[in-house]
Novice: 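Quick one: the structure is below, questions incoming.
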2 protein chains.
Amino acid sequence: MTDTAREYAQEKIAKKDFSCAKEYTLSMFSGKYKIVILYHLGHNGTMRFSQIQRLLDHASHKMLTQQLKEMADDNLVDRREETINNGKAVYYSLTDTGESLIPIVDDMFSWGKNRLASLEVSSDFN
Amino acid sequence: MTDTAREYAQEKIAKKDFSCAKEYTLSMFSGKYKIVILYHLGHNGTMRFSQIQRLLDHASHKMLTQQLKEMADDNLVDRREETINNGKAVYYSLTDTGESLIPIVDDMFSWGKNRLASLEVSSDFN
DNA sequence: CCGGATCCTCTGCGATACTG
DNA sequence: CAGTATCGCAGAGGATCCGG
């Protein structure tokens with residue numbers, strides 16, 4: 001994102017002003033794809049960059065790198081780089097902090113699935 | 001938002017394609033201020049437009065109307081309009097569907113508060 | 001295979017002004 | 001008071017190229 005809300009919360013925290021719980025919380029989630037990334041890492045464990053990219057076929061290379069970098073800065077994901085003979089392989093996994101978000105992420109998606117299911121049922125009457 | 005993700009999910013659903021649980025779920029939350037609005041409506045009950053606006057002092061009039069309209073379209077909030085002698089008063093409250101999100105919203109914020117608290121502690125060592 | 005830098009396009013969103 | 005319409009710009013984000 002390089003989102004304004006994100007920067008706003010980070011500045012306050014940098015100044016030891018912790019009176020921004022809502023802004024802060026949102027800044028953890030609000031990035032494009034972040035929740036989906038958390039979800040996949042939570043359920044698949046460690047993944048390479050290219051694996052994540054394959055799962056998010058709408059996300060551009062740039063966006064993905066950006067989001068993952070932010071999440072690493074926020075200590076939600078771990079980034080481990082390995083150099084192979086020809087190139088490099090980068091592995092991402094959840095930190096403990098990232099893991100602690102998984103229940104919430106799961107709740108969000110199961111809420112969504114339920115809601116979609118009820119929409120689907122009521123659409124039978126069209 | 002008039003967000004692309006939101007439109008994407010809505011189009012699929014309009015075409016009776018329900019294979020977009022993640023996109024759909026995110027499109028419910030991802031608007032600017034939506035989570036905070038949910039939070040306040042969940043904890044304060046029915047509120048007038050101007051009351052909500054006072055709580056979100058960073059949100060412009062335009063954005064608030066827009067977000068509230070989207071949430072009403074998504075059936076997360078109820079909109080009740082009353083005409084007073086001089087002008088009009090608009091009351092917003094959560095629908096049952098909106099209510100069903102409150103536990104998740106609460107979890108999000110309490111997660112954020114915990115996380116902030118631990119950041120605060122570790123900053124004592126600077 | 002991955003990430004960063006540059007360029008260029010498109011859009012989110014604020015400001016303003018107008019309706020009821 | 002609440003919502004809509006128009007305009008304008010900063011910034012998000014895609015495409016592409018390069019460097020490791």
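Letters go in sequence order (proteins before strands), and every chain restarts at 1.
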Novice: Could you measure the distance from the CG atom of A:L41 to the CD atom of A:E99? Nearest 0.5 Å is fine.
Specialist: 9.0 Å
Novice: Take the protein atom CD of B:Q67 and the nucleotide atom C1' of D:dA2, then report the distance between them rounded to whole Å.
Specialist: 16 Å
Novice: Could you give the CG-to-P distance, from B:L68 to C:dC13, as a whole number of Å?
Specialist: 15 Å
Novice: Rounding to an integer number of Å, can you tell me how far A:R80 CZ sits from C:dC1 P?
Specialist: 20 Å
Novice: Does a nitrogen or oxygen in the side chain of A:R79 sit under 4.0 Å from OP1 or OP2 of C:dC2?
Specialist: no
Novice: Between atom NZ in B:K34 and atom P in C:dG12, what is the gap in whole Å?
Specialist: 12 Å
Novice: To the nearest Å, how far apart are B:E82 CD and D:dA2 P?
Specialist: 12 Å
Novice: Strictly by modelled atom types, are B:W111 and A:T25 linked by a side-chain donor-acceptor pair under 3.5 Å?
Specialist: no
Novice: If you check every side-chain atom of A:V90, which of C:dG3, D:dG14, D:dT4 has the closest atom?
Specialist: C:dG3
Novice: Between atom CG in B:L64 and atom C1' in C:dC13, what is the gap in whole Å?
Specialist: 13 Å
Novice: For B:K62 and D:dC7, is the shortest distance between a side-chain N/O and OP1 or OP2 below 4.0 Å?
Specialist: no
Novice: Tell me whether the NZ or CZ atom of A:K12 lies within the 45° cone about the ring axis of A:Y24 and under 6.0 Å from its centre.
Specialist: no
Novice: From C-beta outward on B:S60, which listed nucleotide comes closest to its side chain: D:dG3, C:dG14, D:dG13?
Specialist: C:dG14
Novice: At 4.0 Å (heavy atoms only), tell me whether A:Y92 reaches a base, stays on the sugar-phosphate, or touches nothing.
Specialist: sugar-phosphate
Novice: Can you find a heavy atom in the side chain of B:M108 that is under 4.5 Å from one in the side chain of A:L26?
Specialist: yes
Novice: Do A:H40 and A:Y33 have their ring centres less than 6.0 Å from each other?
Specialist: no
Novice: Rounding to a whole Å, what distance do you find between A:F49:CZ and C:dC2:C1'?
Specialist: 7 Å
Novice: B:K32 NZ to C:dT11 P: how many Å, rounded?
Specialist: 17 Å
Novice: Classify the side chain of A:H61 and the base of D:dG14 as holding, or not holding, a donor-acceptor pair under 3.5 Å.
Specialist: no
Novice: About how many Å separate NZ of A:K34 and CE of A:M28, when rounded to the nearest 0.5 Å?
Specialist: 7.0 Å
Novice: Between the two ends of the helix from C:dC1-D:dG20 to C:dG20-D:dC1, what is the bend in degrees, rounded to 10 degrees, where each end axis spans five pairs?
Specialist: 40°
Novice: Take A:K69 and B:A59, find for each the nucleotide of DNA chain C with the closest heavy atom, and name the residue whose nucleotide sits nearer the 5' end.
Specialist: A:K69
Novice: Which of these nucleotides, C:dG4, D:dG13, C:dC1, is closest to any side-chain atom of A:S50?
Specialist: C:dC1
Novice: Rounded to the nearest 0.5 Å, what separates atom CE in A:M71 from atom OH in A:Y92?
Specialist: 10.5 Å
Novice: Toward the 5' end of DNA chain D, which comes first, A:H58 or B:T65, by nearest nucleotide?
Specialist: B:T65
Novice: One thing to verify: whether B:E82 and B:K88 come together as a salt bridge, which I'm taking to mean a side-chain N less than 4.0 angstrom from a carboxylate O.
Specialist: no
Novice: Taking only the side-chain nitrogens and oxygens of A:R48, find out if one of them lies under 4.0 Å from OP1 or OP2 of C:dC1.
Specialist: no
